Amino acid sequence: MSAIDWLSALLLVVGAAFFFAGTLGLLRFPDVYSRLHALAKADNLGLGCVLLGLALRADSLAVAMKLLLIWPLVLTASAGVGFAIARRAQTLGIRPWRQGDAP
Amino acid sequence: MTLGLAFDLLLACALLWSAWRTLSTPRLDRAIILFIAFGLLMTIAWIRLSAPDIALAEAAIGAGLTGALLLDAYGALRQRKRRRKAS
Amino acid sequence: MTTLALAIALFLLANLVVALVAAARGPTSADRMLMALLFGTTGTGILALLAAAGAGAAAVDVALVLALLAAIGGIAFAKRAWRARHHVSD
Amino acid sequence: MTSGLLFALVGVALFALGVAGVVLIAQLPRRILAFNLMGSGAFLVLVGLAQRGDLPDPVPHAMVLTGIVVAVAATALALALVRRLHALTGRLQLPEDDGD
């Protein structure tokens, strides 16, 4: 195995770890806003690392570019959705969680 | 190859479980979100069956369009019910 | 290397199943919608990994479409379906 | 292929679940969901059993592709009818289902 293969495997494992952290945060965090924060971790870093790791070992340049194209797309989409949900939550009067509140 | 079999088995269990919960939950919003998750699992199942054309249609229609349609209808029904109650 | 991609796809699928169980009994409807968004992202990752594990380059196209359209559900939820405050017992 | 057979069996179970839902659930939007699950089960059976040889049979693939599009059109029509029924009568059930 060459260095590229090792780097790609490392990136895949790191991405999976970020996905796991995002799921865990979504399960454990107390309110909508902090759960959005956990979701953004899985979206941006987890998927980014997985896609970068896959692009490093893609067969052709076209496939690698297509894999890397997914990432900015997901970044834009998740930023838009996160903004829409957070603003709607604020409009509906959901208060952010503070230390000392019941979780 | 046994790893692929494990993947298929887990995917089959997830499909059946989400379908069962979609039908058994009495609340409509819960059922709709479980149905969106079901469409996504179906997309992965089509890829496992080496049918990328169907997976493409299912991803666009099953996960995107049908989910948006159902959520929109749910919002409209809910708003009308509230207005009726208020008047 | 194909084995590693398939193993990580399996791990992400297990992740997805855990989130699915949590979404089915989650406290508020907004949290369930966030779970659905997480499904979209994780599903994109699984499809890309399956493409590397032997499903062919067409799976990457499916991942691209899924990444685009998973967001539409979230926007539809925030704009149309999320009307009133959902309490825990709602 | 063993995965084709596995998913065909899952499709049979999904079809059974969907039929039970269409018959037993009175609330109309949830009945539409059951109808969709039924369709997905039928599609899985078709494609799963088409995976016999080295190359999959393309005819069931084309039929399923058409079926998915028809299913979403039928869902949209059914949802429009349900919204109309709710606007006119304020109910989400058909009249003959009210009794039980």
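These figures come from a predicted structure and were not determined experimentally. Residue numbers begin at 1 in each chain, while the letters A, B, ... track the order of the sequences.
- A/A77 and C/A67 get closest at one heavy-atom pair: CB-O, 4.4 Å.
- Only the side chain of A/L47 comes within contact range of chain C, judged by heavy atoms closer than 4.5 Å.
- Neither the backbone nor the side chain of A/A58 comes within contact range of chain C; no heavy atoms are under 4.5 Å apart.
- Counting heavy atoms from C-beta on, the side chains of C/V18 and A/L27 come closer than 4.5 Å.
- Note: A/R57 CZ to C/T2 OG1 = 6.5 Å, rounded to the nearest 0.5 Å.
- Contact tally against chain A (heavy-atom pairs below 4.5 Å) for C/T42, C/L16, C/L66: the top residue is C/T42.
- Here the closest non-hydrogen pair linking C/A48 and A/L51 is CB-CD2, 3.9 Å.
- With values rounded to the nearest 0.5 angstrom, C/I75 atom CD1 is found 10.0 Å from A/F83 atom CZ.
- Considering only heavy atoms from C-beta on, A/L12 comes within 4.5 Å of C/L49 through its side chain.
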Output, in order, the C-alpha distance, side-chain angles, deciding distance and verdict of side chain to side chain contact (heavy atoms under 4.5 Å, CB included) for A/L39 and C/M35.
-> CA-CA 9 Å; A/L39 178 68; C/M35 293 291 183; over 6 Å; no

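- In terms of heavy atoms, A/A16 sits closest to C/L12 at CA-CD2, 4.4 Å.
- Contacts between C/L34 and chain A at a heavy-atom distance below 4.5 Å involve backbone atoms as well as side-chain atoms.
- When heavy atoms are compared at a cutoff of 4.5 Å, A/I85 approaches chain C by way of both its backbone and its side chain.
- For C/L38, the parts lying under 4.5 angstrom from a heavy atom of chain A are both the backbone and the side chain.
- How far CG of A/L54 is from CG of C/L50: 10.0 Å, rounded to the nearest 0.5 Å.
- Interface residue A/V32: backbone and side-chain heavy atoms are both found under 4.5 Å from chain C.
- For chain A, no part of C/I72 is nearby; none of its heavy atoms comes within less than 4.5 Å.
- Looking at A/L24, there are no atoms closer than 4.5 Å to chain C (heavy atoms on both sides), in backbone or side chain.
- Comparing A/G46, A/G22, A/A89, A/G80 by how many heavy-atom pairs each has under 4.5 Å with chain C, the most go to A/A89.
- Within the 4.5 angstrom heavy-atom criterion, atoms from both the backbone and the side chain of A/V81 approach chain C.
- Distance check, rounded to the nearest 0.5 Å: CD1 of A/I70 to OG1 of C/T41 gives 11.5 Å.
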Report the C-alpha separation of C/F11 and A/F19 in whole Å, then their side-chain angles, then the decisive distance to 0.1 Å, and conclude whether the side chain to side chain contact (heavy atoms under 4.5 Å, CB included) test is met.
-> CA-CA 10 Å; C/F11 174 72; A/F19 268 115; 5.6 Å; no

